[in-house]
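Read through the structure below, which is laid out as structure tokens, and then see the notes.
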Protein chains: 2
Amino acid sequence: MTGFAWLIGAGPGDPELLTRKAARCLEGADLVLYDALVSPETLRLAPRAQRFCVGKRAGQRGMRQERIHEVMIRAARRGKRVVRLKGGDPFVLGRGGEEALALRAARIPFEVVPGVSAAVAAPALAGIPLTHRGLASGFAVVSGHDELAYRSLLDTLAPHTVTLVVLMGLRSKASLAIRLLGRGWAPSTPAALLLASSTTSAHTWIGTLGDLGAARLPQGLEDGPGTIVIGEVVALAPIVTEGACFARAPARHIARG
Amino acid sequence: MTGFAWLIGAGPGDPELLTRKAARCLEGADLVLYDALVSPETLRLAPRAQRFCVGKRAGQRGMRQERIHEVMIRAARRGKRVVRLKGGDPFVLGRGGEEALALRAARIPFEVVPGVSAAVAAPALAGIPLTHRGLASGFAVVSGHDELAYRSLLDTLAPHTVTLVVLMGLRSKASLAIRLLGRGWAPSTPAALLLASSTTSAHTWIGTLGDLGAARLPQGLEDGPGTIVIGEVVALAPIVTEGACFARAPARHIARG
């Protein structure tokens, strides 16, 4: 008897930004393997399931990737309905592709359920349209986790061509900024740091590329999830958010750099 | 008495890929202004609302952008709960930013509800992870609607740096391919055309950049929504989807170019 697995995007944090399908899959799940960023409210949508955090948490290692595959495959082979719940979208900068290939190799039937990526949601919730007539007609998303990952893009992209979105890049913000300035991006280019987006601790810093490296983050959020946005569209944020009622109102937390 | 407006992302088409929050807002809406790509099933989630299609449909013009702003603002001023329902995410390649600025200028309170962008969902549903260790650590999204919009990115980006996602580019696929080949992208680079993703008419073409320009689309889908994906990650699609049970099973429609 073989069960079934779902690779599901949990969205940026707020359980209301989960898709209806994700909620339905969680409801019937027997086992949920979730990332550290998935909220307790979201997990409550899977009342029947055994739930394990497999992601990295502050100071603690997560479950090894191969072990995650093993647990999923073994449970599915015992007939379980297994949900692998990943922050954002399962196929954006996670290791969702590897998980899909592992399930495929083990002949476990599975389905991918796309989610709202923080790359898109974090800017939107801070009042930043990733594209806007006359300012940007496209955007690029890279991981700031290690330099090799973003260097190839940043070193060739002409300055100010698209809006730049860097996920998992809080620790690299200074070297990112130096690299872009060295490539000819203007120090006055608007830049934003979006922390814990869509949660009650949401915090927005808005400043310029020149100030980005030295921007101070509130205590406790330095190691959390963060999205960096660089480009002219960031200048729209204060206009869009002023007076607007935003989801979980990040506008109230805006600190100008 | 002032009402409220929501700029909501409807996701890629399947009403199950709407967020829980979007569904809740629709339930209570008095007026829904929706894009042509929003499905009838999705609209049924707003049973109380007056509903108007304001998007372009085959052969017909949509409502002028300024007129959309006027209608939203006037209804909100009469105390209505207004939903502007946009395909994908409201701030990705739509004119959501302009709508937010118009609402702001009119002092209408509003909220942005991010959605699942087709840029992310269409590849995921076809078994293409936008990023994958060793293949791509980032991706870029551009509009293929007009050449000016994508030229600045494509003409500077070094070949094979990131996965390239082009929305609204079905008609430009030949010129896109020529431009990338001219920039040094290998003709053997895997490429995909993803049509009507997440709907029952979903169709996937997988081939190479060299064949992309001449790829034939099924009748009736040439003018529909389409996502072009170019990069090594596309080569994973047949491996991931073979035998997998995918949402609305686009795998069954795979035609190799």
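Treat the numbers as computed from the prediction; the structure is a model and nothing was measured. Proteins get letters first, then strands, A, B, ... in listed order; numbering begins at 1 in each.
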Exercise. Between chain A and each of B/V116, B/L153, B/V142, B/V141, count heavy-atom pairs under 4.5 Å; write down the option with the most.
Key: B/V141
Self-check item: Heavy-atom proximity to chain B below 4.5 Å, by part of A/R107
Solution: neither
Quiz item: Should the ring pair B/W185 and B/H160 be called parallel, tilted or perpendicular, given that the plane angle runs from 0 to 90° and is split at 30 and 60?
Solution: tilted
Quiz item: Are the side chains of B/L125 and B/D14 in touch, meaning some heavy atoms are under 4.5 Å apart?
Solution: no
Quiz item: With only heavy atoms counted, which part of B/L154 is less than 4.5 Å from chain A, the side chain, the backbone, both or neither?
Solution: neither
Quiz item: B/A23 versus chain A, heavy atoms under 4.5 Å apart: side chain, backbone, both or neither?
Solution: side chain
Quiz item: Are any of the side-chain heavy atoms of B/L236 and B/P129 separated by less than 4.5 Å?
Solution: yes
Quiz item: Any side-chain heavy atom of B/F110 within less than 4.5 Å of one from A/V240?
Solution: yes
Quiz item: What part of B/V162 gets closer than 4.5 Å to chain A, counting heavy atoms only: side chain, backbone, both or neither?
Solution: side chain
Quiz item: Between the side chains of B/T42 and B/S39, does any donor sit under 3.5 Å from an acceptor?
Solution: yes
Quiz item: What residue, out of B/L93, B/L157, B/L130, has the most heavy-atom pairs lying under 4.5 Å from chain A?
Solution: B/L93
Exercise. Decide yes or no for A/E111 and A/I8: does some side-chain heavy atom of the first lie under 4.5 Å from some side-chain heavy atom of the second?
Key: no
Exercise. Please tell me if the side chains of B/H145 and B/R171 come closer than 4.5 Å, counting only heavy atoms from C-beta onward.
Key: no
Quiz item: Looking at A/G138, A/P114, A/G96, A/A22, which has the largest count of heavy-atom pairs under 4.5 Å with chain B?
Solution: A/P114
Self-check item: Greatest number of heavy atom pairs closer than 4.5 Å to chain A - which of B/L135, B/L18, B/V113
Solution: B/L18
Practice problem: Quick one: which of B/R24, B/H132, B/R133 has the most heavy-atom pairs under 4.5 Å with chain A, could you say? | Solution: B/R133
Quiz item: Do you know which of A/V92, A/L103, A/V166 has the most heavy-atom pairs with chain B at a distance under 4.5 angstrom?
Solution: A/V92
